[in-house]
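We count residues from 1, following the sequence as given. Note that the coordinates shown come from a computational prediction; the quantities given were computed from them, not determined experimentally.
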Amino acid sequence: MPFGECTITLQDVAYQLGLPVDGRYVSGCLTDFHVYIEGGRPAWQWFHELLGVLPPANQIQKFAVNCTWFQETFGECPEGADEETVRRFARAYIMMLLGTQLFADKSGNRIHIRWLPFVAWLEEMGGYSWGSAALAWLYRCMCRVANRHVVKLAGPLQLLQSWIFWRFPSFRPAGYDAFSWPLCGQDTILGLARRDLGSDGSTEDRLVTCSGFHMDALPYSTPDVLQVVHPEVLEPRHTMLWRCVTSLIYFTVVEWHQVDRVLPQFGGVQPPPHPALNIDFLMSKDGRGGDRWFPSHLQHWHLHWETCADHVLRFDVVADPGPSHEFLA
């Protein structure tokens, strides 16, 4: 942009989605992972134990289940259900949420059973950094769609849409002024529809010149936002990670949280940035790896996340954040 670089960060994920950004990385094995789960049981046997039912063969594609079967089977928890039944429905709901919202692929109709190790113990799910995994997946999906042969964008698009509305006021539709928690709520989807569709339902042509762009560098500092934000989000152990230059991990997807290039989004002055990290090697492994156990196969990047507290940026917060003269030059 004319004013410098900008991107979606862990701070945006925390405010927009309300997801935890600290905790264990979301990783493991993508296929044939039954040898890694507790007791070495086959994955589908574990699926039956955790959800109480097995999908028919015509609803399974390798290690993914058609979303329609999930919706028809677990669409409504029966009234008066016992605790174990409620837990099974909760596991299925979380798997649908992860597979179709946060980590959706372009098919949009399949749910991978990679989530079994995570939903097995519901009490431990809050200990994972779902926010950093979702951001890693969005980064990778945006990288993929930049290829001229790719025509569809996957990933947590509600995060991308809401980030645009909050960061770029010129894109914000009329009436987009209701504050609720998380900030990315139903109003985001409705606002997008109002913005993109004309009165006759047709898609309107909208051209915005870069010279007219204005970015709201600190959209979350207003009293209206601070009144609705959950207090836990603002605890130092969470906010510290917003300023970490570290790895973002989602199974075989490893991306880089380069907040050192967007300091104005945190109230700082942007100096000339260091050269961008070359992660072409990781990109070349995109979606590959078979049944490898990624915390071991990609150990260096996992260790980097585990020591992210050592990579927190220190800088002064100023009244008028923006690029320095050196950066503009």
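- Ring geometry for F74 against F89 counts as perpendicular: the plane angle is over 60°, on a 0 to 90° scale with 30° as the lower cut.
- In this structure, OG1 in T73 is found 8.0 Å from CD in Q59, a value given to the nearest 0.5 Å.
- The number of heavy-atom neighbours closer than 6.0 Å to CD of E84, taken from other residues, nucleotides and ligands shown, is above 12.
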Does the pair Q265 and Y220 meet the rule for a side-chain hydrogen bond (donor to acceptor under 3.5 Å, both in side chains), with working shown?
CA-CA 10 Å; Q265 292 180 210; Y220 309 128; over 6 Å; no
Walk me through it: do T9 and F266 pass the test side-chain contact (heavy atoms from CB on, under 4.5 Å)? CA-CA 10 Å; T9 70; F266 298 89; 3.7 Å; yes
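- L328 and V269 are not part of a single hydrophobic cluster, where members link through side-chain heavy atoms under 4.5 Å apart.
- Note: F168 and F171 have perpendicular aromatic rings, judged against thresholds of 30 and 60 degrees for the angle between ring planes.
- Contact between N66 and N58 at its shortest, heavy atoms only, is ND2-O, 4.0 Å.
- The line from CG of L135 to CG of L17 is 9.5 Å long, rounded to the nearest 0.5 Å.
- The hydrophobic cluster containing L122 also contains M95, counting ILVMFWY residues as joined when their side-chain heavy atoms lie under 4.5 angstrom apart, directly or transitively.
- Placement of M215 and V318 in two distinct hydrophobic clusters is found when ILVMFWY residues are connected by side-chain heavy-atom separations under 4.5 Å, directly or transitively.
- Between V262 and Q270 the shortest heavy-atom distance is N-OE1, 3.2 Å.
- Aromatic ring orientation, W44 versus F47: tilted (interplanar angle from 30° to 60°).
- The side-chain tip of R114 points at the ring of F251 from less than 6.0 angstrom away and within 45° of straight on.
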Report task. In sequence, state the C-alpha distance, the side-chain angles, and the governing distance for R87 and E49, and then conclude on salt bridge (Lys or Arg N to Asp or Glu O under 4.0 Å). Result -> CA-CA 12 Å; R87 294 177 73 87; E49 293 176 10; over 6 Å; no
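- You'll find the side chain of H238 reaches within 4.5 Å of the side chain of D22, heavy atoms only.
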Practice prompt. Start with the C-alpha distance between V245 and W256, add both sets of side-chain angles, then the distance that settles side-chain contact (heavy atoms from CB on, under 4.5 Å), and finish with yes or no.
Written response: CA-CA 7 Å; V245 182; W256 200 244; 3.5 Å; yes
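- Closest non-hydrogen pair, A92 versus L51, comes out as CB-CD2, 3.9 Å.
- Taking the ring centroids of Y15 and W242, they lie under the 6.0 Å cut-off.
- Once rounded to the nearest 0.5 Å, the distance linking NE2 of H257 with NE2 of H304 reads 13.0 Å.
- Between E124 and R24 there is a side-chain heavy-atom pair separated by less than 4.5 Å.
- Annotation: side chain of H112 is not in contact with side chain of D105 (no heavy-atom distance under 4.5 Å).
- Using a 4.5 Å heavy-atom threshold, the side chains of S132 and V21 count as separate.
- Here the straight-line distance linking atom OG of S221 with atom CG of D216 works out to 7.0 Å at 0.5 Å rounding.
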Output, in order, the C-alpha distance, side-chain angles, deciding distance and verdict of ring pair (Phe, Tyr, Trp, His ring centres under 6.0 Å) for W305 and Y25. CA-CA 7 Å; W305 170 258; Y25 46 72; 8.2 Å; no
Practice item. Dump the intermediate steps for side-chain contact (heavy atoms from CB on, under 4.5 Å) on V229 and L183, then the final yes or no. Key: CA-CA 8 Å; V229 64; L183 299 182; over 6 Å; no
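- L218 and V225 end up in different hydrophobic clusters when Ile, Leu, Val, Met, Phe, Trp and Tyr side chains are linked at under 4.5 Å.
- The closest side-chain heavy-atom distance from M1 to C6 is below 4.5 Å.
- Here the closest non-hydrogen pair linking G268 and P321 is O-CB, 3.4 Å.
- Counting all heavy atoms, side chain and backbone alike, A120 lies closest to R91 at O-NH2, 3.4 Å.
- R314 has its side chain within reach of R243: a pair of non-hydrogen atoms, C-beta onward, lies under 4.5 Å apart.
- Counting heavy-atom neighbours within 6.0 Å of D310 CG, excluding the residue itself, gives a total above 12.
- In this structure, F103 has its ring center under 6.0 Å from that of W115.
- Residue-environment remark: OH (Y93) stays at or below the threshold of 12 foreign heavy atoms within 6.0 Å.
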(request) Run the numbers on L298 and I249 for side-chain contact (heavy atoms from CB on, under 4.5 Å), then give the verdict. (result) CA-CA 10 Å; L298 302 173; I249 300 169; over 6 Å; no
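- The distance from the CD atom of E255 to the SG atom of C141 is 9.5 Å, given to the nearest 0.5 Å.
- The heavy-atom pair separating C308 from C244 by the smallest distance is O-SG, 3.1 Å.
- Note: the hydrophobic cluster containing V26 does not contain L303 (ILVMFWY, side chain heavy atoms under 4.5 Å, direct or indirect links).
- Residues L263 and L313 have side chains in contact (heavy-atom distance under 4.5 Å, counting atoms from C-beta outward).
- Using a 4.5 Å heavy-atom threshold, the side chains of P219 and R167 count as touching.
- Between atom CH2 of residue W130 and atom CE of residue M125 there is a gap of 4.0 Å, rounded to the nearest 0.5 Å.
- Annotation: cation-pi geometry not satisfied between R172 and F165 (NZ/CZ under 6.0 angstrom from ring centroid, within 45° of ring axis).
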